[in-house]
Chemist: 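One structure coming up, written as structure tokens, with questions to follow.
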Amino acid sequence: MTGIAKMWNRVKNFKLNIMNYDVFLQICAIVLVLIHIILLVTLRLGGARLLSNLNLVSILIYGVAFYYARQNRVRLVYFIFLAEILVYSWISVYILGETTQFGLYCLAMFPFTVLTNFVLKCQNPEKKQFHPVVNFIIIFVFYFVELSMGNFLEPRYVIENTAIVTFLRIMNMLINIFCIQFGCGVLCVIAVENSMTIKHNMEEMEKLMHQAEASNEAKSVFLANMSHEIRTPMNAICGMADLLLDEKLSEQGREYAATIKTSGEGLLSIINDILDFSKIESGKMPIIPEEYYFSSMIHDVMSMMEVRLKGRPVELIAKVSDSVPRKLYGDIGRVKQIIINIMGNATKFTYEGSITLTVSWQQEEENVGRLLISVADTGIGIRQEDMDKLFRSFEQVDMKKNRGMEGTGLGLSISKLLVENMGGSIKVESEYGKGSTFIFDIRQKVIDAAPCEYSKNKNAVELKQFVIDFTAPEAKVLVVDDNKVNLRVATGLLKKFGIVPDLVDNGQDSVDMIRKQRQYDLVFMDHMMPEMDGIEAVKLIRATGTPYTDRLPIVALSANAVKGMEAEFLVGGMNDFLPKPIDMAMLGSILKKWLPPELIRHSET
């Protein structure tokens, strides 16, 4: 009784749609069982015992159909219904003739065929279902065969009781009409219900998309703010460390200052990793190609790695094939970042032996090919079970053993994303305790196909340290920043170029000073300041409308390193961008670029 009650509850609460079509099929199976019970009794009363007993087989068949309907085997149940109805109607017409209208059962399958085909396609659009036209042809063939038999062949049995014959004819006609009308109605209901469900799902998806976009925007704003908040004190730390290293310090004092600078740069590297990952993940880090000399880029990378390995018994080897073109077209910054990330990992986990960078070239088209790069080390290696963790974000392999190692666990994840963005792939081979080899390829265009000849030129390149080769003591420079420490750092760095800047700690005062004095050759403007930010201040300066304020070079001085801010600064009326912490080489380039040439005094070499 529990099963019947459960079934009745499902029927009572039944709402027709493609998701509960199985319940509809179960109801159909039960109704057909009831029809065949009526036919069994009626035909028994009419004396057609063989046909009456045939209904017992039909009842068993619909019992099987009910079982499979509960398992949502829609396609199978349809074919059970189709086969039973066609065979039963054919036998009925063969025995009784056309007077009882059993042939009409074939026509009742038309709407059911369309309905089932529609439901199956909705439930699984990718799977190939039956073709309704083929089934229509089969149904038509059966119907016309039965019609022909009824009209041209004598019936095998004649029911003498006219009341029973009339009852069977009326019942069969009503069943046929009901099936056609009900089938069409159900098809319409399911189509409407399905359309409403799709509409509802689309609305929900749109709502979720808006929420995701808002969440992503909030994350971007948060990262921008965190970038500024962390980089501002880091600017002071790194800047002051630079100034200290230029002073006459004891050996121990110099060591302390160098440690502060190195630690600050390490923290900046972690911040950059997190920002880079967020930008790549949100699709806001485009690949910006430019022409570059491959040999020069490798020299820079190798020089950096030599500094990291200083004092360790690790040999650094570069094997660059002469097949690599001299000049390429690609995003040099991202190519260098990938190599540095992978080689940086190798320097962390290789305590003795060697680290080998191998580069070759695979030509694909006339001016396009692939850089094939591998980094092999004799370090600690990676366990086989840890290989899957390598390129996952924020995960580090063997955390217990490598607890003292710096890093976010993002370097390889970022490298993988960058490699894929440049049309390449990356993989790793490793043996625990013996070392690892990272292999990747990236697609690049060729500008100059002459061999790069790295092996011939590598000894000619030395580790370059920025040297101040000019001063500008007569230059009038204004620095605007709400942070007193940042102003002190900027002053100390500019003094190295012989420049004594004017200092202002808010946007409004900078506008007033520029409007009144009209004497500055260059302005460094902080971006994020209270009351009036840098972009607002620049707009007011440009709005003055004088030739001086129109031409005045204004450089954004900002700790906001989120991609896209440079473009925002330029749109806001600024001429250039200098990120914090201030790099001496970049500061020198900015001064050379924007100060009047007559104010630059080149040092004698």
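When reading the values below, keep in mind they use all heavy atoms of this one structure, side chains included, and skip hydrogens, waters and symmetry mates.
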Chemist: Please determine whether a side-chain nitrogen of the Lys or Arg among Asp331 and Lys336 lies less than 4.0 Å from a carboxylate oxygen of the Asp or Glu.
Modeler: no
Chemist: Does Val555 offer a backbone N or O that forms a donor-acceptor pair with the side chain of Asn575 under 3.5 Å?
Modeler: no
Chemist: Got a donor-acceptor contact below 3.5 angstrom from the Tyr548 side chain to the Tyr520 backbone?
Modeler: yes
Chemist: Ignoring hydrogens and angles, tell me if any N or O in the side chain of Arg326 forms a donor-acceptor pair with the backbone of Asp448 under 3.5 Å.
Modeler: no
Chemist: What class does the angle between the rings of Phe470 and Phe497 fall in, given that below 30° is parallel, 30 to 60° is tilted and above 60° is perpendicular?
Modeler: tilted
Chemist: Using modelled atom types only, decide if a donor and an acceptor are shared between the side chain of Thr347 and the backbone of Leu309 within a distance under 3.5 Å.
Modeler: no
Chemist: Where the side chain of Thr546 meets the backbone of Thr549, is there a donor-acceptor pair that is under 3.5 Å apart?
Modeler: yes
Chemist: Checking Gln363 side chain against Glu366 main chain: does a donor-acceptor pair fall under 3.5 Å?
Modeler: yes
Chemist: Give a yes or no answer on whether the side chain of Arg601 reaches the backbone of Glu474 with a donor-acceptor pair at less than 3.5 Å.
Modeler: no
Chemist: Just by modelled atom types, is the Ser323 backbone N or O under 3.5 Å from a matching donor or acceptor in the Ser321 side chain?
Modeler: yes
Chemist: Taking Asp521 for its side chain and Leu595 for its backbone only, find out whether a donor-acceptor pair lies under 3.5 Å.
Modeler: no
Chemist: Taking the side chain as every heavy atom from C-beta outward, state whether Leu328 and Tyr293 have any pair of such atoms under 4.5 Å apart.
Modeler: no
Chemist: Counting N and O atoms only, with roles assigned by atom type, does the side chain of Thr378 sit under 3.5 Å from a partner on the main chain of Glu352, one being a donor and the other an acceptor?
Modeler: yes
